[in-house]
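As the structure is a computational prediction, the values presented were derived from the model and not from experiment. Lettering follows sequence order; numbering is per chain, from 1. No hydrogens, no waters, no symmetry mates; every other heavy atom, side chains included, goes into these values.
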Protein chains: 2
Amino acid sequence: MSRAVDVARLIGDRSRATILAMLADGPHCVCEFATALGARENNVSNHLARLRQAGLVRSTRHEANGRLQYYERDEAAVEAARTALSTLLR
Amino acid sequence: MSRAVDVARLIGDRSRATILAMLADGPHCVCEFATALGARENNVSNHLARLRQAGLVRSTRHEANGRLQYYERDEAAVEAARTALSTLLR
DNA sequence: TTGACCCATCAGCCGCTGCTGACATATCCT
DNA sequence: AGGATATGTCAGCAGCGGCTGATGGGTCAA
């Protein structure tokens, strides 16, 4: 229950919500989020750090271009978050 | 999508989350929420006003004791909120 | 190696939000 | 009518959280 509240507080931000929605169709780098959101890289990086601390996303370096930090969703954690929110509204 | 963010922001508060969870098993009055949360009536009333403005709950007067304002969930709206959050994490 | 690029971290500021205290309103009881 | 109970509303305050600017690290190309 407290977990569901924390997840809801994370999603209750448009930037983080769109980040999670963008990650539905595969990994993206920080700069892509920044251009899509109209925000700066450090701001996006802060949001991603929150999501990463919550275990919802992982970060890996791109194999071709090592300067790019690619983020992908932890599908198991996202699915657990979905069920937690769903049971909260049961 | 913006709707899901608004709902998530509402649920991202422990008081409102527990209120919605308590409303799963039937209507309750403001004083019951206040004692369960350890909060004051005006504070709970403020949270209920938010939930009411979002269309998630309705308020009706008790037929026996008209001083009591009973709150119940709008099941259709709650179900819509559940699906909105679920599709956001799809 | 030097520079450019991409990202992370930190301190600081500012706006939003929840809580509180005071007051108003509505209903019931005597 | 008058008091008690239950709830709503409002201004004010304190704390949290997001955005920014600056700085540093890590990677690649020339």
Side-chain angles (χ1 to χ4, degrees), chain A residues 1-2 4-23 26-73, chain B residues 1-2 4-23 26-73:
Chain A
M1 146 89 184
S2 178
V5 174
D6 295 342
V7 171
R9 185 170 306 183
L10 281 178
I11 302 178
D13 181 279
R14 282 177 174 78
S15 302
R16 290 190 289 263
T18 50
I19 285 175
L20 284 176
M22 285 178 66
L23 287 176
H28 292 284
C29 62
V30 179
C31 56
E32 289 173 323
F33 295 129
T35 56
L37 295 171
R40 308 201 171 178
E41 281 85 359
N42 53 1
N43 183 16
V44 174
S45 182
N46 184 26
H47 286 306
L48 287 167
R50 299 271 189 112
L51 295 172
R52 192 179 39 193
Q53 188 176 0
L56 294 177
V57 301
R58 278 188 301 262
S59 65
T60 58
R61 289 206 175 270
H62 196 251
E63 60 273 8
N65 188 358
R67 284 179 293 195
L68 298 177
Q69 194 84 12
Y70 264 62
Y71 279 82
E72 61 182 358
R73 299 203 315 193
Chain B
M1 146 87 182
S2 179
V5 173
D6 294 341
V7 171
R9 186 169 306 185
L10 280 178
I11 302 179
D13 181 279
R14 283 178 174 75
S15 300
R16 289 190 290 261
T18 50
I19 285 173
L20 284 177
M22 285 179 66
L23 286 177
H28 292 284
C29 63
V30 179
C31 56
E32 290 173 324
F33 295 129
T35 57
L37 295 171
R40 308 202 172 178
E41 281 84 359
N42 54 0
N43 182 17
V44 174
S45 182
N46 184 25
H47 286 306
L48 287 168
R50 300 268 190 114
L51 294 173
R52 192 179 38 193
Q53 188 176 359
L56 294 176
V57 300
R58 278 188 301 262
S59 65
T60 58
R61 290 205 174 271
H62 197 250
E63 59 273 9
N65 188 358
R67 285 178 294 194
L68 298 177
Q69 195 84 12
Y70 265 63
Y71 279 83
E72 60 183 357
R73 299 204 314 195

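Between Arg40(A) and Glu63(A), the residue anchored nearer the 5' end of DNA chain D, judged by the nucleotide with its closest heavy atom, is Arg40(A). Mapping Asn42(B) and Asn43(A) onto DNA chain C by nearest heavy atom places Asn43(A) closer to the 5' end of the strand.
Within 4.0 Å of Arg9(B), counting heavy atoms only, lie sugar-phosphate atoms of the nucleic acid but no base atom. Residue Arg14(A) is classed as having no contact, given no heavy-atom separation below 4.0 Å to the nucleic acid.
Residue Arg16(B) contributes atom CZ, which lies 8 Å from atom C1' of dG18(C) at whole-angstrom precision. If you take CG of Leu48(B) and C1' of dG8(D), they are 11 Å apart, rounded to a whole angstrom. The CZ atom of Arg50(B) sits 15 Å away from the P atom of dG8(D) (whole-angstrom rounding). To the nearest angstrom, P of dC16(C) lies 16 Å from CG of Asn46(B). Between Asp6(B) atom CG and dT17(C) atom C1' there is a gap of 15 Å when expressed in whole angstrom units.
When each of Arg50(A), His47(A), Arg73(A) is tested with Ile19(A) by the rule side chain to side chain contact (heavy atoms under 4.5 Å, CB included), just one qualifies, namely His47(A).
At dA6(D), none of the side-chain N or O atoms of His62(B) fall inside 4.0 Å of OP1 or OP2 (strictly under the cut-off).
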Heavy-atom protein contacts under 4.0 Å, nucleotides 1-7 of chain C, coded B base, S sugar-phosphate only, - none: ---BBSS

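Partners of Tyr70(B) by ring pair (Phe, Tyr, Trp, His ring centres under 6.0 Å), not counting sequence neighbours, listed by chain and number: His62(B).
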For a salt bridge (Lys or Arg N to Asp or Glu O under 4.0 Å) check, start with the C-alpha distance between Arg14(B) and Asp6(A), then their side-chain angles and the critical distance, and finish with the verdict. CA-CA 9 Å; Arg14(B) 283 178 174 75; Asp6(A) 295 342; 3.6 Å; yes

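A donor-acceptor contact shorter than 3.5 Å links the side chain of Arg61(B) to the backbone of Gly66(B).
Side-chain atoms of Leu20(A) and Leu10(A), non-hydrogen and from C-beta on, never get closer than 4.5 Å to each other. Between Arg16(A) and Leu48(A) the shortest side-chain heavy-atom distance does not fall below 4.5 Å.
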